[in-house]
Amino acid sequence: MSVHRDRQPTGFVADTISFSSVDGPGNRFVVFLQGCNFDCLACHNPQTIPGHGPVAGFHPQHTAVEELLHSIRRAAPFVSGITVSGGEATQQPEFLHALFAAVKADRDLGHLSCFVDSNGSCDLRVWDDLMPVMDGAMIDLKCLDPQIHQRTTGMDNGPVLASIRHLQDLGLLYEVRLLLIAGVNDETGLLQRTGEWLADVDQSMRVKIIGFRAHGARKSSLPLIEPSRDALNAAAETLRSVAPFDICVV
Ligand code: SF4
């Protein structure tokens, strides 16, 4: 994909936080972009999905790269990098590239790592284009089973699986995240197949197992149930029985 960068694009930004310890390696400044191509039943940020606003007190802004750099400079002494999340970060690829390139080129910020937190559903050329300025990506695999994926996100998981493989080939896959919802995508056979698929990409992949939390999630037509801690640990064991993944459970 060829992107013209004569002008610095602005980003449609839902929010930023100056300090997070759960959005990639170390402590990070996080930018949440507005807009998402998924419509997940378990979404905790439904205000970022088109058609789910307006929400009181929520005001996404068109924001220039330089404006964000100003905020990042203030946070820089306390963080090791920035993460762009969403919504879906890759829906604004030109802005993503411009922001990362500006961070890398900045005398005071060039040491910060640049990560993307993504649902992985994008054209693979987005990753190729980001490669020179991006240090890694966390990808959510909502479900390996295409029907369950379609039912819970409204979208096909083919592009997600392709992104995981492609990022691994590029050396940019930092972590795959599995959000488990009790009775929806946590069946042992499915997890076993998921482990086999992931192991085919990388046997030592970093995998984060996240239990669905009802608090803060959108209202859903399906009753979504939180998995127990034991169920999450059992899921980790199922994956470990397949390959020596680097697994954390949260
Ligand atoms: S990909 Fe993330 S932001 Fe988009 S709908 Fe799903 S949970 Fe919400």
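Read the numbers this way: they start at 1 and go in the same order the structure lists the ligands and their atoms.
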Enquirer: Under 4.0 Å between a side-chain nitrogen and a carboxylate oxygen: does that hold for Arg240 and Asp246?
Expert: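 The answer is no: the pair does not qualify as a salt bridge.
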
Enquirer: Nearest to atom 4 (Fe) of ligand 1, what protein heavy atom do you find, and at what distance?
Expert: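 Minimum-distance protein heavy atom for atom 4 (Fe) of ligand 1 reads Cys36 SG, 2.3 Å.
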
Enquirer: According to the interplanar angle, ranging from 0 to 90°, do the rings of His62 and Phe12 count as parallel (below 30°), tilted (30 to 60°) or perpendicular (above 60°)?
Expert: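 Correct class here is parallel.
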
Enquirer: Atoms of ligand 1 less than 4.0 Å from Phe38 heavy atoms?
Expert: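 Listed by number with element: 1 (S), 5 (S), 6 (Fe).
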
Enquirer: Is Cys43 close enough to atom 4 (Fe) of ligand 1 to have an N, O or S atom under 2.8 Å?
Expert: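 No, outside the cut-off.
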
Enquirer: Can you name the atoms of ligand 1, numbered from 1 with element, that are less than 4.0 Å from a heavy atom of Asn119?
Expert: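 Counting from 1, the qualifying ligand atoms are 1 (S).
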
Enquirer: Do Asp128 and His166 have side-chain N/O donor and acceptor atoms under 3.5 Å apart?
Expert: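 There is such a pair (donor and acceptor under 3.5 Å, judged by atom type) between the side chains of Asp128 and His166.
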
Enquirer: Report the nearest protein non-hydrogen atom to atom 6 (Fe) of ligand 1: residue, atom name, distance rounded to 0.1 Å.
Expert: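 Nearest neighbour among protein heavy atoms for atom 6 (Fe) of ligand 1, to 0.1 Å: Cys40 SG, 2.3 Å.
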
Enquirer: Going by heavy atoms in the side chains, are Leu141 and Ile164 under 4.5 Å from each other?
Expert: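 Yes; the side chains approach each other to less than 4.5 Å.
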
Enquirer: Below 4.5 Å, heavy atoms only, C-beta onward: do Thr10 and Glu94 meet side chain to side chain?
Expert: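 A side-chain contact under 4.5 Å is absent here.
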
Enquirer: Side chain or backbone of Lys142 under 4.0 Å from ligand 1, or both, or neither, by non-hydrogen atoms?
Expert: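 Side chain only; the backbone of Lys142 stays clear of ligand 1.
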
